[in-house]
A.B. asks: 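Supplied in structure tokens, the structure appears directly below.
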Amino acid sequence: MTSEKRDYRDTLFLPKTDFPMRAGLPKKEPEWLAHWNKIGLFERLREQSKGRKQYILHDGPPYANGHIHMGTALNKILKDIVNRSHQMLGYDAHYVPGWDCHGLPIEWKVEEEFRGKGRSKDEVSGPEFRTRCREYASEWLDVQREEFKRLGVVGEWDNPYKTMNFQSEADICGELLKIAKTGQLYRGSKPIMWSPVEQTALAEAEVEYADRKATQIYVKFPVRPMTGTKSLLPVTADGAPNIVDMTMFDGASVVIWTTTPWTIPANRAVSYALNIRCGLYEVTELEESDFSPWSKVGDKLIVADNLWENVAKAGLIKSAKRLRTVSSYFYEDALLDHPLKSMEGAEGKYDYPVPMLCGDHVTADAGTGFVHTAPSHGEDDYVVWISNQKKLEALGIAPVVPMTLDDAGCYTEVMPTRFQGLDVIRTSGKKRGQDGKANPEVLKALVECGNLLARGMLTLRDAHSWRSKAPVIRRATPQWFISMSKGGLRDKAVAEIEKTKFWPDRGRNRIGTMVADRPDWLISRQRNWGVPITLMVGPNGELHTERDDADAINTRILAAVEKVGVDGWFETPLEDFMPDSNDGWSKVTDILDVWFDSGSTHAFCLKRRDDLKDRADLYLEGSDQHRGWFQSSLLESCAVYGEAPYDGVLTHGFVVDEKGLKMSKSLGNTMSPEDISKQYGAEIMRIWTASSDWANDLKIGREIIQTNVDAYRKLRNTLRYMIGALDGYDEADAVDYNDMPALEKWVLHRLAEITTEHEAAVRNHDHKKIFSTLFNFCTVDLSAFYFDIRKDALYCDPLNSTRRRACRTVIDEVFQRLTTWLAPIMCFTMEEVWQARHPSEDGSVHMELFRDAPDGWLNADIAAKMETVRDFRTQASEAIEPLRKDKVIKSSLEASVTAPATEALTSALSALGITRQETYANPADPSDTLADYLIVSECTLSEKAADVSVADLKEAGWTKCERSWKYFKPNAAVGEGEITPRDAAAVKAFESGA
RNA sequence: AGGCCGGUAGCUCAGCUGGUUAGAGCGCGCCCCUGAUAAGGGCGAGGUCGGAAGUUCAAGUCUUCUUCGGCCUACCA
């Protein structure tokens, strides 16, 4: 024997592949996108799944303005994972993305553009303005489309739905007409922020708060005579009955305080709060003053106790006597006179009784403890007025919200002639934005009536238009509402919510309470870029939908909009739609709340398109959409079709930074999808999405991304190893299940197990479970266990040994499943991996279906026994570890393990067929030794052994096989030398070219 | 301010209807391999479950309070 040892490396069957270890995702991903585009993947998927049961995830439309952010990226990736998963589960998951195109933000941007060109809003015609809005939306839509595609999202990008398609706009109009026809639509009014200078409605965001000098006044509301007595609880301290003679309020007044005197003529009520202690005061002495005070000795005033001093000071009252506490016994029944009832020229318009209403908005911070309530001129006033409908009805007071101001902010004919035409704010001239004639005239009238208690000036912060900087007023305007009750909409919606499946389940509760509590749906907006409310109103306020020729009229309207879009309504004269009996009829010029647009997507997308079923399986959006799209869609659909447009609703949380704080530019903790794609690849974002818990807020940050990058590498390498191990594998080499070693059967058992878990998780949208299950399978079961053990057989067994072929048979099965299971998540890399195994010009892993596990793979018995073996394997590793640390042994192959022959272990081994002792030489023998499992060279079980012990085989004089590096005792008698009999057989086969 | 929801190791997640010393993977530390090599393997150290009180024989799991965070209360989408 020479001292030179032969190098057996070339006789080994090492994994062989060109598949790169490093992905280069930022560069590679766009190439795959181009490839899929070239082979028409989406179309091929549709073609392939024709006739299958549809799974429709209906897209919630993003707003076509600005770049996408992490939230929108997350949303689209989640949708994509859901779609791809269901497609591969065997559905036809046809996904049509959509966009929301109308609305205020775009309107603002376009206005700004025109202003930049020196053209004010008035100088631009409606059609020109809207045309530009349309272009603007279109431009951003294109940008976002590319950004979404870059994330790997597959869908019908060439034919998305858009709320601004002419057909969509017509369909949206049609939906509203249907609602009008069923009587669920009504006209009411509501105060909104209005800038008289620009004569336009303003959104909260169009308003800035600045100081304004205001006239503040204290006003007396005389109490109407009351009769009788009231017995109150509790009784007084001395036990005497607490009886109030209500006539003591004769001549008394409730005092209010306001900084907007011009709203007094519109007063309808006085609001109070039960938790504010109030008293009835009788003035006994007045301050000496140059002015003659408006209050008189003997005046009885009702004011909050803690504010009495302020009021007295303002009214120049030196002293007063507190007569008694005033509380609900009074408020409930008291009716007041309007303070202007007796003014000259009142025309009887202030004869109505002014009730007292309980309101949450009343505080004792300032004023008198009582709030003047003009439902036309304040949100709180409006709410308290509308929500007290019952009390008003009982009093015989119609709960109308009078429209007291016109567009220019001048009193209308609702007011007495004396006030008509007076302006609240000057809208032109040098004093533009300053007080107009209304305030002084109201003050004058109040003095005439003797109901002005005090007046003064005050500086307060109030809303101003951010364009003109002029003050903004609150003004009631006619508005359109969809009634929650008239057609039973609320009940219907609540019932549908009960029937809907929610992920997570708490979503049902959230949207349920919102719908149950919500007021009627205000759908009109005084804006330009939107779908018109295509209604015509008759001389008596009747709707054209109530007319006999309504259908013909509607047909004309819808045809016009379908032809040229919304301008078909705005630019067409009424006569064209309503040729007959149109005297006194007028077109409504308002547009629809954009939520009505998106709430109708199910109508103009799902129901309109023949290739989509009418009702979606799933709506999937962020949790903010409980009050948004989920709700608007539900209400719209229930109002028109009497049912929800979806079977299921999934809500995900918001993307927050690694500390759980929301992302904001000011915090500097934002991340953009684009940056992540460029630096790491969209795949990393997809893994992040899949591994996060969408039911809560999703954290992202550097460390989290790095974790996902690491996970990606591990998976990529695992797949790469399989590709290498399968080099040259042909299915003809496959070994029958029954001929496989237990280890292979166990892997197949795991595949069967995961198959079941996986399908359940897909149906439950539990992607993080899928990802963690598969990731752990790769690291724990495959990499650290199965592959580690099988390296020996794979590299060293004779090429055609049963054991080696069985291993490759199983790896092929694992590969098929792993790639398909991961494909919905890692759509780029799984394609790359798939193509490396199955090169094809036009093939794709995304055309594959998830494969069932054949009966018989699932084998709980093998699983349990294998568990025992693995436990033992861990014990052996623990025992070897100290020797490695002490440098006694390096490779575990140098070790010989001796362990107690426990019943559990020996029976597991015999059940699993891990029985062979001798160094394997028969290529047809599929069995393993226990040493193979431990990756040691010898393992013996002994009844005598007390615990697991390890011996050094070098020390014992064993020979290291030059081929497999295992230690063995050559049997010179049969010619064994430097390699084991197994290796000798393998080399012989190799050299003979087998 | 109100409504809804969430807070388990450095990170991502498991922990079913309350019941053994709270789990996994990653990361980290140490070690091995050098025939998956900008790979692979082994061992190990890390939480008392945001905090407090309570119910119970027993609480991460139920109740209350509290703290931190998120979403919603817009003529924003």
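Not measured: the values here are computed from a predicted model. Below, read A as the first sequence line, B as the second, and so on, with proteins coming before strands; counting in each chain starts at 1.
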A.B. asks: Give the nucleotide from the list B:A39, B:G35, B:G10 with an atom nearest to the side chain of A:R9.
C.D. replies: B:G35
A.B. asks: To the nearest 0.5 Å, what is the distance between NE2 (A:H626) and CZ (A:R506)?
C.D. replies: 9.0 Å
A.B. asks: Name the closest nucleotide to the A:N509 side chain, picking from B:C4, B:C75, B:C11.
C.D. replies: B:C4
A.B. asks: For B:C43, which nucleotide is its Watson-Crick or G-U wobble mate, given both distances must be under 3.5 Å?
C.D. replies: B:G29
A.B. asks: Indicate, yes or no, whether a donor-acceptor pair under 3.5 Å links the base of B:C5 to the side chain of A:R510.
C.D. replies: no
A.B. asks: Could you check whether A:H67 and A:W140 have their ring centres less than 6.0 Å apart?
C.D. replies: yes
A.B. asks: Rounded to whole Å, how long is the line connecting atom CD1 of A:I880 with atom C1' of B:G44?
C.D. replies: 16 Å
A.B. asks: What's the closest nucleotide to the A:Y721 side chain, out of B:A36, B:G41, B:G35?
C.D. replies: B:A36
A.B. asks: So if I take every side-chain heavy atom of A:L12 and compare against B:C71, B:C43, B:G35, which nucleotide ends up nearest?
C.D. replies: B:G35
A.B. asks: Would you please classify the geometry between the A:W503 ring and the A:H765 ring as parallel, tilted or perpendicular, with 30° and 60° separating the classes?
C.D. replies: perpendicular
A.B. asks: Side chain of A:I704 only, heavy atoms from C-beta on: which candidate in B:C43, B:C31, B:U12 is closest?
C.D. replies: B:U12
A.B. asks: Could you give the CG-to-P distance, from A:L661 to B:G50, as a whole number of Å?
C.D. replies: 18 Å
A.B. asks: Could you tell me how far apart A:K714 (NZ) and B:U37 (P) are, to the nearest whole angstrom?
C.D. replies: 13 Å
A.B. asks: Got a donor-acceptor pair under 3.5 Å from the side chain of A:S783 to the base of B:A36?
C.D. replies: yes
A.B. asks: Suppose we define a pair by two distances each less than 3.5 Å, Watson-Crick or G-U wobble; what does B:A1 pair with here?
C.D. replies: B:U73
A.B. asks: Do A:F596 and A:W521 have ring centroids that are under 6.0 Å from one another?
C.D. replies: yes
A.B. asks: Just wondering, do A:W965 and B:G35 stack (centres under 5.5 Å, planes under 30°)?
C.D. replies: yes
A.B. asks: Name the closest nucleotide to the A:F775 side chain, picking from B:C31, B:G25, B:U37.
C.D. replies: B:G25
